[in-house]
> 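One structure is given below, represented as structure tokens, and several questions about it will come after.
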There are 2 protein chains.
Amino acid sequence: MKKTGDVEFRCYFQLAMMVIGGKWKPKVLFHLGQNDTVRFGALRRAVFGISEKMLIQSLKDLERDGLVNRKVYRQVPPKVEYSLTDIGRSFVPVLNAMFHWGQSYASYLIAQKEKDHDYQTGDVLENIDELVQTDNEHITVK
Amino acid sequence: MKKTGDVEFRCYFQLAMMVIGGKWKPKVLFHLGQNDTVRFGALRRAVFGISEKMLIQSLKDLERDGLVNRKVYRQVPPKVEYSLTDIGRSFVPVLNAMFHWGQSYASYLIAQKEKDHDYQTGDVLENIDELVQTDNEHITVK
DNA sequence: TTAGATACTTACAAAAAGGTATGTATTAAG
DNA sequence: CTTAATACATACCTTTTTGTAAGTATCTAA
């Protein structure tokens, strides 16, 4: 009954983007997807580079939108556990798909780089070095 | 050899987000994915609400990042055809996954709305009406 | 010679997103 | 009485993204 691919696309895709949009939300979701419950502090340490402000902001949005559960333990010092809801968890495969595509795209970029010596390629490629370097840093140091 | 899920995640996921990030790129990609080649003007009409500036900007980025081909026909008036490259096309399944998730999320939102009469739910829900309305508009009008 | 079609470009403004720094509440341990 | 731990909140500023409006180039047809 709902036709014209354009319309459907316009709506449902936008909806999905409203939820995972932004710099941090996908990462938070991804991490939550790998654990049953995670405390605020653990999440903060797990999502490299995120500030407390951004973490709470992301979690609040995700909770409001129904993807995340928040469980408060009335203790001191406080303890709050976050977890994915059912729809939240149903999004994990999508995240995995994005992650895996990122992997193959990285391979592609590296292959491209070896081909074109001239810097034909753009911004993303300029970052691939840093990216790989970061990888190495962690691989060799750890 | 590359370990610590965190690191991998941090990089590859970011990479993917660099490509599909923003308000319009996913939509442009989605539409390109449904056609072999699309002219600039057709794309502009297809991606509802996009301005010419945003369209070119998106296409430039995507071309620079290797996801999109640009073929110029030396004519007057000008003719330019856009299409997906191989890696570009390999991203289509991911887009579809996002789209489908959006669909089920919409169902969830509607179900939720019928449950809670009090407006427990947040921003996304406030938009669902408009969303459905838009759908109806197109369904009934067309 | 003037208007129309197409694919852009540019300048400027508005809005959204993100970052940094600092503050709050509570209780237990020292 | 001070410090530490944890989970936030708030103010303010910077950067990034998006939008609006106008202009450019080229040939064809009227």
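In what follows, chains are A, B, ... by sequence order, proteins preceding strands, each numbered from 1. Any value given below was found using the heavy atoms of this structure, including those in side chains, with hydrogens, waters and symmetry copies removed.
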> With a 4.0 Å cutoff (strictly under), does any side-chain N or O of B:Tyr82 reach OP1 or OP2 of C:dC8?
yes
> In whole Å, what is the span from the CD atom of B:Glu81 to the P atom of C:dA7?
10 Å
> Rounded to the Å, how far apart are B:Tyr73 OH and C:dT6 C1'?
15 Å
> Give a yes/no answer on whether the side chain of A:Arg39 brings an N or O atom under 4.0 Å of OP1 or OP2 in D:dA7.
yes
> Start at the 5' end of DNA chain C and walk down; is the nucleotide closest to B:Lys53 or to B:Ala42 reached first?
B:Ala42
> Without decimals, in angstroms, what is the distance between B:Lys71 NZ and C:dA7 P?
15 Å
> With nearest nucleotides of DNA chain D determined for A:Ile56 and B:Trp24 from heavy-atom distances, which residue corresponds to the more 5′ nucleotide?
A:Ile56
> Does the side chain of B:Lys25 reach to within under 4.5 Å of the side chain of B:Asp61, using non-hydrogen atoms?
yes
> Does a side-chain N or O of A:Arg70 approach OP1 or OP2 of D:dC8 to a distance below 4.0 Å, or not?
yes
> Between B:Phe99 and B:Phe30, what is the ring plane arrangement, given parallel below 30°, perpendicular above 60°, and tilted in between?
tilted
> In whole angstroms, how far is the P atom of D:dT20 from the CG atom of B:Leu55?
14 Å
> Of all the choices, C:dT6, D:dA7, C:dC8, which nucleotide is nearest to the side chain of B:Phe40 once you look at every atom?
C:dC8
> Whole angstroms only, please: what is the CD-C1' distance between A:Gln75 and C:dT27?
12 Å
> Can you tell if the side chain of B:Met17 reaches within under 4.5 Å of the side chain of A:Met98, non-hydrogen atoms only?
yes
> Measuring from atom CG of B:Leu29 to atom NE2 of B:His31, what distance do you get when rounded to the nearest 0.5 angstrom?
12.0 Å
> Using only side-chain N and O atoms of A:Lys23, determine if any of them is under 4.0 Å from OP1 or OP2 of C:dG19.
yes
> Output the rounded distance in Å from CE (B:Met54) to P (D:dT20).
10 Å
> Report the distance from atom CG of B:Leu62 to atom CD1 of B:Ile20, rounding to the nearest 0.5 Å.
10.5 Å
> Rounded to the Å, how far apart are A:Leu43 CG and D:dT6 P?
14 Å
> What's the NZ-C1' distance between A:Lys60 and D:dC8, to the nearest Å?
8 Å
